[in-house]
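Letters A, B, ... mirror the listed sequences (proteins, then strands); counts begin at 1. Here the structure is a predicted model, which is why all the values come from computation and not from measurement.
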Amino acid sequence: MDKYFKDERDVAMRLKYQILRDDFTRAGEASSKIKKVLKQLAIDATVIRRAAIATYEAEINLVIHSEGGTLEVYIKPDCIEIYVEDDGPGIADIELAMTKGFSTASVAVREMGFGAGMGLPNMEKVSDNFVIESEVGVGTNIKMTVRYI
Amino acid sequence: MITVNDLVANYDFTKLSAETLNRTIENAYSCDLLSWVMAKGKHNTAWITVQTHNNILAVAALLDFACVIIPEGIKVDTEIIEKANEQEIILLSTPLDAYHIFKILYEAGIE
Ligand SMILES: Nc1ncnc2c1ncn2[C@@H]1O[C@H](COP(=O)(O)OP(=O)(O)OP(=O)(O)O)[C@@H](O)[C@H]1O
Ligand SMILES: [Mg+2]
C-alpha cells in the first residue's frame with residue numbers, strides 16, 4: 001500500500017471541514033456541502049456519487065469512532081483526493097477494521113443504524129486508490145482518490 | 001414511469017416534507033443500516049426505513065433518492081421535517097409496512 005501523504009500539486013480547489021466527536025446532529029453536513037460544490041463544478045455524476053459515499057462514511061467514522069478530526073477535499077484536473085485525519089484513538093488492527101461486518105460501535109449507535117461494519121469497505125470500494133495508516137494513541141489518516149474516468 | 005406524486009395521489013401515503021413531489025421513482029430499497037444503504041442505494045430510489053433521525057436526510061441527499069418512506073405510522077419529529085424541507089427531500093409517511101409498500105410499488109410498475 002502507498003504511504004499517506006498530501007499531494008499538493010495541481011490543486012484547483014480545496015475544501016476543509018472540522019468534524020467533531022459525537023456531533024450526530026451535524027453528521028453528514030460536510031459531505032452534503034462537498035457534494036454541492038462538486039455538482040456546481042459539473043463533475044460527472046458517478047464521480048460525485050463515489051466521492052459522496054467516501055466522504056460520508058469518513059465523516060460518520062470521525063463522529064462515531066474518533067476524538068474528532070478533519071475532512072479535506074482536493075479537487076484536481078484528473079481526480080478528487082479526500083484526506084481524513086483524526087486525533088485518535090487510532091486503530092489497532094487495520095485489517096480487522098477493514099473486514100466487512102466488523103464494528104466496535106455501541107448499542108446506542110447501532111440503534112441509529114450505524115455499526116454495520118461497512119463504512120471502511122465502502123470507502124475502499126468507491127476509491128481508485130485507498131490508503132489508511134493508523135497509530136494507537138495518535139490517530140488515523142486516510143487518503144482516498146476518485147478519478148474522473 | 002411512476003412519480004412520488006402518483007403514490008400520494010393514489011395510495012395511503014402522506015407527504016411530510018418538500019414542496020413538489022415531481023420525482024420519478026425507478027427502484028425501491030428497504031434497510032435500516034445506513035452503510036448498507038450507502039452501498040446499495042441508487043439514483044431515484046424510494047427508500048423505506050424506520051430510522052427517523054437527521055442522518056437519513058444526509059443519506060437521501062447524497063445518493064439523490066426519490067423519497068424516503070417512513071412505514072407503519074412511525075412518528076417523525078417536526079425538527080426533522082423542517083430540515084427535510086430545507087434540503088428539499090421528500091419524506092412520506094404511511095401506515096403500511098414494507099411488504100405492502102413494495103407490493104404497491106411493484107403493481108405501479110417498479111420492478
Ligand atoms: N477514525 C477511526 N478511529 C478509530 N477507529 C475507527 C475509525 N474508523 C473506523 N474505526 C474502527 O473500525 C471499525 C470498522 O469501521 P467501519 O466504518 O467499517 O464500520 P462501522 O463504522 O463500525 O459501521 P458502519 O460504517 O457500517 O456504520 C469501527 O467499528 C471502529 O472500530
Ligand atoms: Mg463507519
Should the pair B:K42 and B:Y29 be classed as cation-pi, given the thresholds of under 6.0 Å to the six-membered ring centre and 45° from the axis? no
Using a 4.5 Å heavy-atom cutoff, which residues in residues 57-78 of chain A come close to chain B? A:E57, A:I60
Over all atoms of both residues, closest heavy-atom pair of B:V59 and B:M38: CG1-SD, 3.9 Å
Which answer fits B:N54, side chain, backbone, both or neither, if we ask what part of it has an atom under 4.5 Å from a heavy atom of chain A? side chain
Contact summary for B:C31 and B:W47, nearest pair of heavy atoms: O-NE1, 3.0 Å
Identify the heavy atoms of A:V131 and A:Y4 that sit nearest to each other, and give their distance. CG1-N, 3.7 Å
Check whether any side-chain N or O of A:N122 sits under 3.5 Å from a backbone N or O of B:S35 as a donor-acceptor pair, and report yes or no. yes
Under a plain distance cut-off of 3.5 Å, with no hydrogens placed, do B:D32 and B:T49 share a side-chain donor-acceptor pair? yes
Which residues from residues 41-56 of chain A are near chain B, with near meaning under 4.5 Å between non-hydrogen atoms? A:R49, A:A52, A:I53, A:Y56
B:N27 and B:N44: side chain donor to acceptor below 3.5 Å: no
Just by distance, do the side chain of B:N85 and the backbone of B:S17 share a donor-acceptor pair under 3.5 Å? no
Determine whether a donor-acceptor pair (N or O, by modelled atom type, separation under 3.5 Å) exists between the side chain of B:N10 and the backbone of B:D6. yes
Measuring from atom CE of A:M123 to atom CE of A:M144, what distance do you get when rounded to the nearest 0.5 angstrom? 4.0 Å
Would you say the side chain of B:I80 lies within less than 4.5 Å of the side chain of B:D77, judging by non-hydrogen atoms? yes
Where is the tightest heavy-atom contact between B:F13 and B:I104, given as atom of each residue plus distance? CE1-CD1, 4.2 Å
Closest contact, heavy atoms only, B:I81 versus B:L16: CG2-O, 3.1 Å
Using the rule that Ile, Leu, Val, Met, Phe, Trp and Tyr join whenever any side-chain heavy atoms are under 4.5 Å apart, tell me whether A:I19 and B:L57 fall into a single cluster. yes
Is any residue of residues 80-108 of chain A within less than 4.5 Å of chain B by heavy atoms, and which ones? none
Less than 4.0 angstrom from a charged side-chain N to a carboxylate O is my criterion; do B:R23 and B:D64 meet it? yes
Quick one: which residues of residues 20-37 of chain A reach chain B at under 4.5 angstrom, heavy atoms only? A:F24, A:T25, A:A27, A:G28, A:S31, A:S32, A:K35
Rounded to the nearest 0.5 Å, how far does CD of B:E26 lie from CG of B:L105? 13.0 Å
Worked verdict on B:L21 versus B:I90 for side chain to side chain contact (heavy atoms under 4.5 Å, CB included): CA-CA 7 Å; B:L21 302 181; B:I90 305 175; 3.5 Å; yes
